[in-house]
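Since the structure comes first, as structure tokens, the remarks are kept for the end.
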Amino acid sequence: MIEIPSDLNKMLETAESVAVLTGAGISAESGVPTFRGEEGLWKKFRPEELATVDAFMQNPDMVWEWYLFRRNIINEVRPNPGHYTLVEMEAYFKNFDLITQNVDGLHTAAGSKKVWELHGNIMRSKCFDCSKPFAEDIDIESGIMPVCQCGGKIRPDVVWFGEMLSAEILNKAFSVSERADLFFSVGTSAIVHPAASMPAIAKRNGAYLVEINLEPTPLSDIADCSFMGKSGEILPEIMERLKR
Ligand code: BV8
Ligand code: ZN
């Protein structure tokens with residue numbers, strides 16, 4: 001059982017606009033490897049070296065091999081109690097927005113409606129040049145890289161390091177963070193920007209900031225309360241408290 005501080009109790013009862021930022025940690029209990037954890041997504045490389053335009057330009061096969069490897073994992077996994085609790089919270093609070101860094105689509109699969117995917121979605125592919133969605137399966141076994149009618153290379157529809165996020169989604173994330181009176185940061189190491197600035201923006205605009213993570217992060221110092229533990233266990237306990 002977790003200890004819920006009285007000021008969080010009060011916020012849970014009075015909050016009108018709630019926003020959540022999630023990272024890879026919320027999908028860990030579903031079996032999706034996190035980026036920087038010890039089981040690290042791809043042993044030999046760091047995501048910052050593979051999830052980049054340069055890596056794709058230099059070695060599209062290797063980058064696609066990494067994404068197809070991750071797609072296969074994600075095809076086998078299901079949302080966990082942490083994802084499902086956020087679906088319940090969306091129904092419970094007057095205004096609720098879910099901002100995610102994750103590209104695994106598990107929030108939508110769990111039933112969340114208002115999900116802002118800051119970094120895109122790994123299951124979608126698009127043309128590198130004209131961004132036209134590419135619906136066919138990617139098969140690189142043949143060694144032939146899929147190309148768009150315009151001649152552009154097909155890539156995963158995710159935001160790589162050094163790439164701009166969608167301005168529309170980013171602005172939406174900034175505005176829900178500014179407006180939130182209760183903000184949860186769940187399962188993120190809070191080092192990737194501009195995503196990691198959302199909790200600080202919420203805090204600066206008067207939100208009560210809750211962190212749920214396995215280990216301390218740069219947010220732990222500014223959080224109003226920090227639960228160190230598994231999101232799949234802590235989020236359901238907080239929801240239990242809401243229902244009582
Ligand atoms: C941009 C999609 C600029 C691809 C991803 C120096 C300083 C500051 C910033 C920068 C800098 N140098 C470069 C930058 C900018 C860079 C950045 O922030 N780099 C970082 C590494 C320092 N950002 C960018 O490049 C962004 N673009 O800035 O554009 C620009 C400006 C003008 C003009 C042009 C360009 C784009 C960033 C997006 C990159 N794409 N993903 C893909 O997935 O392949 S980011 C990638 O990391 C994932 O999306 C992931 O979600 C994200 C963040 O990682 P986390 O989600 O936090 O995961 P992590 O493993 O790190 O942590 C998991 C946590 O969960 C851990 O703390 C763990 O303890 C905890 N946990 C584990 N299990 C559980 C748990 N918690 C609870 N319960 C559990 N069970
Ligand atoms: Zn194209």
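All heavy atoms count here, side chains included; hydrogens, waters and symmetry mates do not. Every number for a ligand or one of its atoms is a count from 1 in the order of the listing.
Atoms of ligand 1 lying under 4.0 Å from at least one heavy atom of Arg70, given by number and element, are 42 (C), 43 (O), 44 (O). Residue-ligand proximity, Glu215 to ligand 1, at heavy-atom distances under 4.0 Å covers atoms 66 (C), 67 (O), 68 (C), 69 (O). Residue-ligand proximity, Glu29 to ligand 1, at heavy-atom distances under 4.0 Å covers atoms 78 (N), 79 (C), 80 (N). Near Tyr67, meaning under 4.0 Å from any of its heavy atoms, are these atoms of ligand 1: 4 (C), 42 (C), 44 (O). Residue contact check: Ala24 has heavy atoms under 4.0 Å from atoms 55 (P), 56 (O), 58 (O) of ligand 1. Near His193, the atoms of ligand 1 lying under 4.0 angstrom from a non-hydrogen atom of the residue are 17 (C), 18 (O), 23 (N), 24 (C), 26 (C), 28 (O), 37 (C). Each of the following atoms of ligand 1 lies closer than 4.0 Å to a heavy atom of Glu163: 1 (C), 26 (C), 27 (N), 29 (O), 36 (C). Near Ile191, meaning under 4.0 Å from any of its heavy atoms, are these atoms of ligand 1: 18 (O), 20 (C), 22 (C).
The backbone N or O of Glu16 lies less than 3.5 Å from a partner atom in the side chain of Asp181, making a donor-acceptor pair. Of the possible donor and acceptor atoms, none in the side chain of Glu163 sits under 3.5 Å from a partner among the backbone N and O of Val53. In this structure, Ser177 contributes its side chain and Ala202 its backbone to no donor-acceptor pair below 3.5 Å. Between the side chain of Asp224 and the backbone N or O of Leu209 there is at least one donor-acceptor pair closer than 3.5 Å. Side-chain N or O atoms of Glu90 include one that pairs as donor or acceptor with a backbone N or O of Lys113 at under 3.5 Å.
Listed by chain and number, the residues in a side chain to side chain contact (heavy atoms under 4.5 Å, CB included) with Ile140 are Trp64, Glu65, Leu68, Ile138, Met145 (sequence neighbours excluded). Looking at residues two or more places apart in sequence or on another chain, you find no side-chain hydrogen bond (donor to acceptor under 3.5 Å, both in side chains) involving Tyr84.
Residues in residues 133-146 take part in no salt bridge (charged side-chain N to carboxylate O under 4.0 Å, His left out) pair, two or more places apart or across chains.
At under 3.5 Å, not a single nitrogen or oxygen of Thr217, backbone or side chain, sits near a nitrogen or oxygen of ligand 1. Between Trp160 and ligand 1, a contact under 3.5 Å exists for no N or O pair. Considering backbone and side-chain atoms together, His119 places an N or O closer than 3.5 Å to an N or O of ligand 1.
The option with the heavy atom closest to atom 57 (O) of ligand 1, from among Val32, Thr100, Thr188, Asn213, is Thr188. For atom 73 (N) of ligand 1, the choice among Ala28, Gly82, Gly23 with the nearest heavy atom turns out to be Ala28. Of the candidates Glu233, Gln101, Met164, the one placing a heavy atom closest to atom 31 (C) of ligand 1 is Met164. For atom 4 (C) of ligand 1, the nearest non-hydrogen atom from the set Ile26, Val159, Val103, Asp157 belongs to Val159.
The shortest heavy-atom distance from Gly162 to ligand 1 is under 4.0 Å. At a 4.0 Å cut-off, at least one heavy atom of Gly229 sits close enough to ligand 1 to count as contact.
Here Arg70 does not pair with Asp104 in a salt bridge; the nearest charged N to carboxylate O distance is not below 4.0 Å.
Phe134 and Val103 fall within a single hydrophobic cluster, where Ile, Leu, Val, Met, Phe, Trp and Tyr are joined by side-chain heavy atoms under 4.5 Å apart, directly or via other members. Phe184 is not connected to Ile201 by any chain of hydrophobic side-chain contacts under 4.5 Å among Ile, Leu, Val, Met, Phe, Trp and Tyr, and they are in different clusters. Note: the hydrophobic cluster containing Leu12 does not contain Phe183 (ILVMFWY, side chain heavy atoms under 4.5 Å, direct or indirect links).
Around the Zn ion (ligand 2), the protein atoms of type N, O or S that sit closer than 2.8 Å are Cys127 SG, Cys130 SG, Cys148 SG, Cys150 SG.
Between Tyr67 and Trp160, the two ring planes are tilted [angle within 30° to 60°].
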Check: What's the verdict on side chain to side chain contact (heavy atoms under 4.5 Å, CB included) for Met89 and Phe93, showing C-alpha distance, side-chain angles and the deciding distance?
Finding: CA-CA 6 Å; Met89 284 190 173; Phe93 288 108; 4.3 Å; yes
